[in-house]
Amino acid sequence: MHNKKRKSLILTGFLILSLLSGCKEPDASHQAENQTDSTEDKIQIKVQYEAGRMNMSLESVLEEKFPDVDIVTDELVGEPEYIIEKEMENNLEPDIYLYEDLWKMDDNLMSERFYDLSREDFTDNYYLSAISDCVRSDGGLYYLPGPIYIYGIVYDKTAFRELNLSIPKSYSEFVTLIQTVNDMDIMGQEPDENNPEQLVDVKVAPFVPTMKWPDMWSIVFNTYNYEDYLRGTANTMWLTDYQEGKESMVGHMEGAADDFLQLFKDGIISTDFWEVGAPVRTQKLYQYHTSLMTIECQSAIGYNMAENENNMNNIHEIGMMPFYTSDEKDSDYVYTMPRCYFGMTKKATADDKKKEAILKIFEFFSTAQGQELLIEGGGGELNLLKDTDTPDDPFYDEIRDTVDEGRTISNFYYAGKNEDVEAYLHAATPDLVKGNISVEQWLKEADNVRDKVIHHTNDEEVSYGTVTRTMTMEETAVIIGEAYIHATGADIGIVPCTASFGMKFRLFEGPITDTVINSIATTRMGAGAIVGDSGHTQLVVVSVTGQELLDLLNSYGDTFVATAGLDVEYAPDRPEGERYVSLKLHGKDLDPSATYTAAVVRGAAKDLPVEKVYEELTFNDMFIRYVDSIGGTISEPPKSLSIVK
Amino acid sequence: MKEQKRFNVIPAVFIIFLLAFVATYLLLSNTMRSMDEASEREALSLLSENAVQMERIFENQLSNNWKHIGMVSRALNHMQDSTNEEIVNYLQVAMPDTYNILLLSDDGIYIDKSGKQGMMEITKDLLPLAQGEEHLLFLSQKGNMDMLTFGTVIDPITIDGIRMNYLFVYYSLDEYMDLLKMESFEGKGKIRIINGKGATLLHTDNVARSENRYLFFSGAKDAEFMNHPIVKDCDSFKEYVLSGKTDAIRMVLATGADVIVSFTKIPDTDWFIIVSIEHDVVVGTRTTNLRQIGKMSLMSVMVIVVISLSLVFLILSLSQKKTKAKNRELEQLNLQLQHANRAKSIFLSNMSHDIRTPMNAVIGFTTLAAENVENTQLVRDYLTKILSASKHLLSLINDILDMSRIESGKLRLEETETNLSDIITNIKAILSGKIKEKQLKFYVNVVNVTNTEVHCDKTRLNQILLNLLSNSVKFTPEGGSITLTLTQKKSSEELGEYEIRVKDTGIGMSQEFAEHIFETFERERSSTVSGIQGTGLGMPICKNLVELMGGTILVDTEKDKGTEVVVSLPLSIVKGSKKGSNEDLFSVGNIKGAFKGKRVLLVEDDEMNMEIASEIFGSYGFEIDRAENGKEALDKITCANVRYDLICMDIHMPVMDGYEAVRHIRNMDNPELSQLPIIIMTANAYDEDRQMAKACGVNGFITKPFDTKEIINALKNVFNKNIMT
């Protein structure tokens, strides 16, 4: 299956991984706060979007369509709600939020800080029922809905044709398909886990979904159990009562748990999928074709297109099939989730020109073409606009009847607006599968979590220390670099001010909790973990000469890269490539030819040789240990950075 | 001394001027204030009435939809043993105007009117139906459009082994809102329908431009509420509206907008209709005019006083007179406008009632008939009542259409040779039943009529007489009398001056009302009060028709004494005419079986119409043959084995329409076929349609719904000629 030049594969692999990880260098959104805007004649509009949920061509398409604007993108990563709250508190909010959970935000915050769109004509483009869902208690319409994501089983059509595989039409046929592919022992090639530059032979897997996150768990659990435990009036009444704390999982969902476990027994899913991150799943299906199916939404179209463009010699066609939940007629379903709402902050309206420009952008977002731009990967979409037709892309062929006949399941949470119950059930599933806990325990604990949510008795977060004043982005990056040095003993800690293998958010005055640490996490993969995802987000120690270090820093263009352990003179006003004026270690200029050790996330180290990998170290553990080592208080960052002209 | 006298006159003049100025100012201010207040009161009352009107229109539509849905669900109850196809066919036929209908199971599985099965998510919004609510009205989206969706619980019906418990019917929201747009002050009024929480469910397009359009009461935050005894702030306003009151309130919003908001609750729902309109749109223009007039008057006073003291009093007096005259003129104009608007509102309100009443009878008796289908006697009784209500409804619709055609100048007279005596005999026959029923005395006097044969539009003359006499019958109490007098006044050989007087001893009219009797939409008492139904269009139609014929119409009436209507018509006399008419060859009584042995081809695509026509023609003795379109008819006609004596042809049909089929027949080589008698039967009843049919070469024209007399006349014309030849 793989007759490609190895070098090309590696390069392609890195590029797609970079793309999926939001590694888009140099990223103007993460320029140091004291840097100036290079496009002063244009209206600069700052767009903040949820990490991994945005069409990467959004910026270029908008700038082409609206030549007067300069779009500056920024990712919401880790703890979006906390970040938005802090941004609002500190007047740091962007002009536009593109965020899945805007609908969950507090009414008061909305009316105080968001612009009311209800007077705008383009709101008429939406279904009135969709608009009604967005209207807040004060009558304000502070955000509008983006496209609806449809989740199904995305499969490699080309491989299916080559292997003479039929698309299943029932649960049994799907199980048989997985067994058949397993029995075929098809071999492919993908990068070695420990040495990404090396391609190794692997057995092609029939189905590799990621189950790393609770939302994926919801898709699988709710879809396969929909018919018997969630559909219809009686089940909807149960769910409504459950969400209000009047019902219990115990007594209603035991069968659902058993059916869920059957998926494991039938070989459809496995606890291994709990460790599979989105990039791994994606590279297997679209890039190396070492799996034939995954769970994905329309974004698959964009991912696949990017891969095909990178590898014109091996074009693969993909399609989406529904989930077959039983062998009964009409048991095919797809799962739907609203994944993006867009709103304008009141801060943006202070400038009339900017406000006008944003409203024009929103008007565009309120068209079928604009909605397509709001979806990750840029695939066709279903939206809540009137007078638009469903896409006729062949990708949808297998699910067209399913959607047309209404077998779509809308996403919901077992505790209303809160995902904690799903988070627990997801996290505890491996224990359930292994028999460490019983079905009853699993369900009872879910009830307890639900009770905590609805009675607001969630445990207070543990505080690991205190930040005595709000830090700048650069200062926060330096503090993270210090933590790297503390964890590894390296000479230097390198932290780019970018979400791509760098850092995201600043430290604010107040307690240091898990939420705070997650919000500054080094990678956008969340949960504070450095481990996982093919090693690109692992902390490593590299050996670097003084010249190599300077080259690395300059390669980031206008993105500031913190270098803890060094005294740095930085000139933000100078041209890119000349901004690092001097780098001193222990008071002496770095020797261009001398070798030093530097701690850095592997993805940010680029081609530097890795000396040591910290496989099991999580960001949270690393940062907590650092805070503890300095006595629990972060008052001032080390005076290592000097801004010069 | 002379100087001293002059010196004393100046302050006197000044004081008189000042007094005159102040007096004039006060007088005008007071007058303007009074008129402002009156205008304000009138505007609020008008707005309040408007909200009620909106509500009635909306409620009426909802109510009709619910009744229709109720009928369908009852009918479904009788279809337990029907096949899927039969049920789906019934859904298509039962509610053709809906976007979609679907039957839904408790499991969320549905079948819709196209027979398609699918799944519908049972969301929380739908749960009330499962929890005991009978009806549910909500917004949804379907087919790229916003929908107003009606949901109801039905007696379970099993389809494909699935128990369907609910019926959902989808109507286009745009069509619903179009109903309201018509009456929103020429589109200047903003109409919303809000729910019990104040959230806007529906609104007209122009609401979209205002802030907080989705939560109505937010817009009233910090508003100043003008002169209302209860509503003082936003909270009390919200409470007042949501308590279900019908009222109108003037308020100045925080934005400075001065608006009048009227509101009322839609019965049997948790919904409210709110109409808001800028204050100036309703009262502002007139107030501004009045103020300008006042200012001009004051300036006039000042200028005149300066010119000459002696003219001050005179000019002041003149000015006051002028002002009063202008005010009177404006008041008059205002009253006329108000009157016209009120009349229109009342007309709509009456129409709403008048159309609903027979519709209720039709729907109600149809339902009862369906429920008692085994009881033939009862069903016959119900059908008689349905027929009566339908006829009444048809006459209402005809009146409205006539008026519309008259007003748009489309109505043309179709003059034919007419016998006045026949007309009177005919009218007498039509009204005899009601006259007898009310024990009225009916006299017909014919005075100096030497020429009964005239050229005129027989149908329209009939209509005039029927209208006048029907009014007399309606408004004359039992035992009273009605006199119809036909007089031929001075005449030449060609033209006769005819006078028709219809005099009754009925309840008469007030002089005030009599002055407006020929205005559109007038009726002295609404049918809801008097129990007498009518559109109020009868007299305007009469007047227009009479004037179209070149005549005049006058009314002489006195309350509680009676009314006399005098119609003068110039009619051209038929040359060499003689009195009398042909004997009916086929009277209604002996028509049954009269055409035994004759074969008719009925060409009609609508199954129901075909059935009715078959029944009627069958009862006359015809052998019936059927075709569903023009093409099929041509095939049958040209078939060598069958010969037809008559073809009855619908116009609008698939494949080949009636006109085309007639043209084909008339162009056939075989004269036996090309001269076949053809009668058009159509719902297109206008003169243009008759002319078009005539041009195609048809022998007769009958309209739907079928009127047996019309059919008999058409048959008479066709077969008379044939017999003669």
Side-chain angles (χ1 to χ4, degrees), chain A residues 111 116-124 126-142 226-228 230-241 243-244 329-333 336 368 383-390 401-410 412, chain B residues 102 104-112 116-131 138-149 160 162 165-166 173-174 177 194-195 197-203 205 207-221:
Chain A
S111 71
D116 179 12
L117 296 161
S118 63
R119 73 198 77 177
E120 305 303 334
D121 292 352
F122 54 76
T123 61
D124 291 338
Y126 296 83
Y127 289 114
L128 199 53
S129 48
I131 288 287
S132 302
D133 287 343
C134 295
V135 173
R136 288 313 184 100
S137 62
D138 65 349
L141 181 63
Y142 301 110
Y226 183 69
E227 254 182 30
D228 294 333
L230 296 165
R231 191 180 75 177
T233 49
N235 288 323
T236 307
M237 276 191 248
W238 172 84
L239 179 61
T240 307
D241 287 345
Q243 288 168 327
E244 291 170 5
K329 181 176 169 273
D330 296 337
S331 62
D332 49 315
Y333 290 91
T336 63
N383 55 48
L384 294 167
L385 297 175
K386 286 186 277 195
D387 303 324
T388 55
D389 293 322
T390 49
D401 286 347
T402 308
V403 173
D404 193 38
E405 288 165 15
R407 286 187 293 281
T408 56
I409 303 165
S410 299
F412 64 90
Chain B
L102 52 90
L104 182 77
S105 76
D106 258 326
D107 265 353
I109 296 166
Y110 72 76
I111 183 163
D112 73 5
K116 183 176 139 184
Q117 274 196 25
M119 204 199 79
M120 183 160 122
E121 272 191 281
I122 306 282
T123 59
K124 280 181 200 170
D125 299 337
L126 302 185
L127 279 187
L129 281 183
Q131 290 167 329
F138 58 99
L139 291 177
S140 65
Q141 57 208 41
K142 229 172 180 52
N144 286 342
M145 289 187 293
D146 284 317
M147 292 284 156
L148 193 61
T149 309
D160 269 356
I162 303 163
N165 307 54
Y166 311 99
L173 187 60
D174 286 346
M177 290 313 288
I194 64 168
N195 64 15
K197 291 176 184 170
T200 300
L201 300 171
L202 319 173
H203 60 71
D205 293 343
V207 174
R209 310 294 162 259
S210 61
E211 202 175 348
N212 292 110
R213 62 177 160 161
Y214 296 111
L215 200 69
F216 171 65
F217 294 105
S218 309
K221 203 177 163 190

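Order of the sequence lines sets the chain letters (A, B, ...), proteins ahead of strands, with each chain counted from 1. The analysis underlying the following values was restricted to heavy atoms, covering all of them including side chains, and did not include hydrogens, waters or symmetry mates. A quick note: this is a predicted structure, and the numbers were derived from the prediction, not measured.
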- Verify side-chain contact (heavy atoms from CB on, under 4.5 Å) between A/Tyr226 and B/Met119, making sure each step is shown before the conclusion. CA-CA 12 Å; A/Tyr226 183 69; B/Met119 204 199 79; 3.6 Å; yes

- Item | Residue part contacting chain A, namely of B/Ser105, when any heavy atom lies under 4.5 Å | neither

- Message: Heavy-atom cut-off 4.5 Å, strictly under: side chain, backbone, both or neither for A/Leu384 against chain B?
- Response: side chain

- Contacting region of A/Thr402 [heavy-atom separation from chain B under 4.5 Å]: neither

- Task: Rounded to the nearest 0.5 Å, what's the gap from CG on A/Leu239 to OG1 on B/Thr123? Could you check?
- Result: 11.5 Å

- Query: Donor-acceptor pair, A/Arg231 side chain versus B/Asp107 backbone, under 3.5 Å?
  - Reply: yes

- Query: For the residue pair A/Ser129 and B/Ser140, what are the closest heavy atoms and their distance?
  - Reply: OG-C, 4.2 Å

- Task: State, to 0.1 Å, how close B/Gln141 and A/Ala130 come at their nearest heavy-atom pair, and which atoms those are.
- Result: OE1-N, 4.3 Å

- Query: Are any side-chain N or O atoms of A/Thr236 and backbone N or O atoms of B/Ile122, one a donor and one an acceptor, separated by less than 3.5 Å?
  - Reply: yes

- Which atoms of B/Tyr110 come close to chain A, meaning under 4.5 Å heavy atom to heavy atom: side chain ones, backbone ones, both, or neither? side chain

- Of B/Leu104, B/Leu127, B/Leu173, B/Asn165, the largest count of non-hydrogen pairs under 4.5 angstrom with chain A goes to B/Leu127

- If you tally heavy-atom pairs under 4.5 Å against chain B, which of A/Thr240, A/Asp401, A/Asp330 wins? A/Thr240

- Message: Using heavy-atom distances under 4.5 Å, tell me whether B/Ile109 contacts chain A through its side chain, its backbone, both, or neither.
- Response: side chain

- Message: My understanding is that only residues two or more places apart in sequence, or in another chain, count here; which of them pass salt bridge (Lys or Arg N to Asp or Glu O under 4.0 Å) with B/Lys116?
- Response: A/Asp404

- Heavy-atom nearest pair, A/Lys386 first then B/Asp146, reads NZ-OD2, 3.2 Å

- Got a second to check how far B/Leu139's CG is from A/Ile131's CD1, nearest 0.5 Å? 12.0 Å

- Message: With rounding to the nearest 0.5 angstrom, report the NZ to CD distance, B/Lys124 to A/Gln243.
- Response: 4.0 Å

